[in-house]
Amino acid sequence: MSWEIEYKKKLRTPQEALRVVQSGMRVYIQPGCAEPETLVEALMDRAPHVEDVEIVHMMTMGTAPYVAPEMAGHFRHNAVFIGGNVRDAINDGRADYTPIYLSEIEELFTSGAMPIDVALLELSPPDSHGFCSFGVGVDTSLTAAQCARYVIAQINDQMPRTYGDSFIHVSQIDA
């Protein structure tokens with residue numbers, strides 16, 4: 001099967017794609033300017049249906065609605081870097097902080113110390129060979145995607161293609 005056919009079979013609305021998130025799972029969100037905000041919004045729609053979902057990421061630039069007091073019991077954030085959008089929640093005890101060197105984060109995923117159930121990513125559209133680029137968000141996201149049980153991608157035609165070890169094939173994306 002060509003990657004184009006496989007790609008079309010994986011197209012979902014954000015809400016459909018996020019149905020895979022169940023209680024007790026750990027969800028990785030691609031950080032920084034590559035935060036998939038549409039997927040984060042769809043994840044918040046799952047709140048009435050889930051409990052104790054751990055959200056982990058490095059610093060994101062969005063609003064971090066999962067740390068709002070009304071999300072307690074549904075989502076709990078575990079920061080490996082503390083950004084302004086989660087600082088109050090950590091200070092108030094509504095979110096956690098795992099102090100770690102940047103160079104050690106990927107080992108949390110590969111060793112199984114912090115297994116990833118779902119990785120939420122924002123990627124470039126696939127190239128002619130079916131590879132999507134992590135663009136401005138390579139950081140720990142490639143490793144998180146390789147270790148995750150489910151990979152959900154928000155495709156952004158404005159995401160620049162970057163070179164090096166910054167690609168994921170359509171066949172490695174679940175939705």
At their closest point, which heavy atom of [X] faces which heavy atom of [Y], and how far apart are they?
{"X": "Ala153", "Y": "Leu39", "result": "C-CD1, 4.0 Å"}
{"X": "Ala17", "Y": "Ala175", "result": "CB-CB, 3.9 Å"}
{"X": "Ala34", "Y": "Gly137", "result": "CB-CA, 3.7 Å"}
{"X": "Tyr97", "Y": "Val80", "result": "CE1-O, 3.9 Å"}
{"X": "Val86", "Y": "Ala64", "result": "CG1-CB, 3.8 Å"}
{"X": "Asp45", "Y": "Gln15", "result": "OD2-NE2, 3.2 Å"}

Spatial distance of atom [atom1] ([X]) from atom [atom2] ([Y]) [nearest 0.5 Å]:
{"X": "Glu122", "Y": "Ile155", "atom1": "CD", "atom2": "CD1", "value": "9.0 Å"}
{"X": "Arg26", "Y": "Asn78", "atom1": "CZ", "atom2": "CG", "value": "7.5 Å"}
{"X": "Glu6", "Y": "Ile173", "atom1": "CD", "atom2": "CD1", "value": "9.5 Å"}
{"X": "Asp117", "Y": "Cys147", "atom1": "CG", "atom2": "SG", "value": "12.0 Å"}
{"X": "Lys9", "Y": "Glu4", "atom1": "NZ", "atom2": "CD", "value": "13.0 Å"}
{"X": "Ile90", "Y": "His77", "atom1": "CD1", "atom2": "NE2", "value": "5.5 Å"}

Does atom CE of Met25 have more than 12 heavy-atom neighbours from other groups under 6.0 Å away? yes
For Glu54, is the CD atom crowded, meaning more than 12 foreign heavy atoms sit under 6.0 Å from it? yes
Between the side chains of Tyr7 and Ser2, does any donor sit under 3.5 Å from an acceptor? no
Would you check if there is a donor-acceptor pair between the side chains of Ser124 and Asn156 at a distance under 3.5 Å? no
Whether Asp52 and Arg76 form a salt bridge (side-chain N of Lys/Arg under 4.0 Å from carboxylate O of Asp/Glu) is what I want to check. no
side-chain contact (heavy atoms from CB on, under 4.5 Å) for Val56 and Val27? Distances and angles first, verdict last. CA-CA 6 Å; Val56 64; Val27 177; over 6 Å; no
Please identify each residue that fulfils side chain to side chain contact (heavy atoms under 4.5 Å, CB included) with Tyr163, with sequence neighbours left out. Phe167
Indicate if [X] and [Y] have the same hydrophobic cluster label, given that clusters are the connected sets of ILVMFWY residues with side-chain heavy-atom separations under 4.5 angstrom.
{"X": "Val151", "Y": "Ile29", "value": "no"}
{"X": "Met114", "Y": "Ile55", "value": "no"}
{"X": "Met44", "Y": "Val118", "value": "yes"}
{"X": "Met59", "Y": "Val136", "value": "no"}
{"X": "Leu102", "Y": "Ile116", "value": "yes"}

Go through the steps to decide whether Gln30 and Phe134 satisfy the test side-chain contact (heavy atoms from CB on, under 4.5 Å), and finish with yes or no. CA-CA 9 Å; Gln30 188 173 7; Phe134 283 87; 3.7 Å; yes
Is the backbone of [Y] close enough, under 3.5 Å, to the side chain of [X] for a donor and an acceptor to pair up by distance?
{"X": "Arg94", "Y": "Asn91", "result": "no"}
{"X": "Trp3", "Y": "Pro126", "result": "no"}
{"X": "His129", "Y": "Phe131", "result": "no"}
{"X": "Gln154", "Y": "Leu123", "result": "no"}
{"X": "His57", "Y": "Pro31", "result": "no"}
{"X": "Lys10", "Y": "Ile5", "result": "no"}
{"X": "Thr162", "Y": "Gly135", "result": "yes"}
{"X": "Asn85", "Y": "Gly62", "result": "yes"}
{"X": "Gln22", "Y": "Arg19", "result": "yes"}
{"X": "Glu35", "Y": "Gly32", "result": "no"}

Using the side-chain contact (heavy atoms from CB on, under 4.5 Å) rule, take Ile152 and Leu121 through it: C-alpha gap first, then chi angles, then the decisive distance, then the call. CA-CA 6 Å; Ile152 301 172; Leu121 309 170; over 6 Å; no
Are Phe109 and Tyr28 close enough, and set up right, to give a ring-ring contact (aromatic ring centres under 6.0 Å, His included), and what steps lead you there? CA-CA 10 Å; Phe109 309 148; Tyr28 172 90; 5.7 Å; yes
Is there side-chain contact between [X] and [Y], with heavy atoms separated by less than 4.5 Å?
{"X": "Leu120", "Y": "Leu18", "value": "yes"}
{"X": "Phe75", "Y": "Val50", "value": "yes"}
{"X": "Met71", "Y": "Pro65", "value": "no"}
{"X": "His74", "Y": "Tyr66", "value": "no"}
{"X": "Met58", "Y": "Ile105", "value": "yes"}

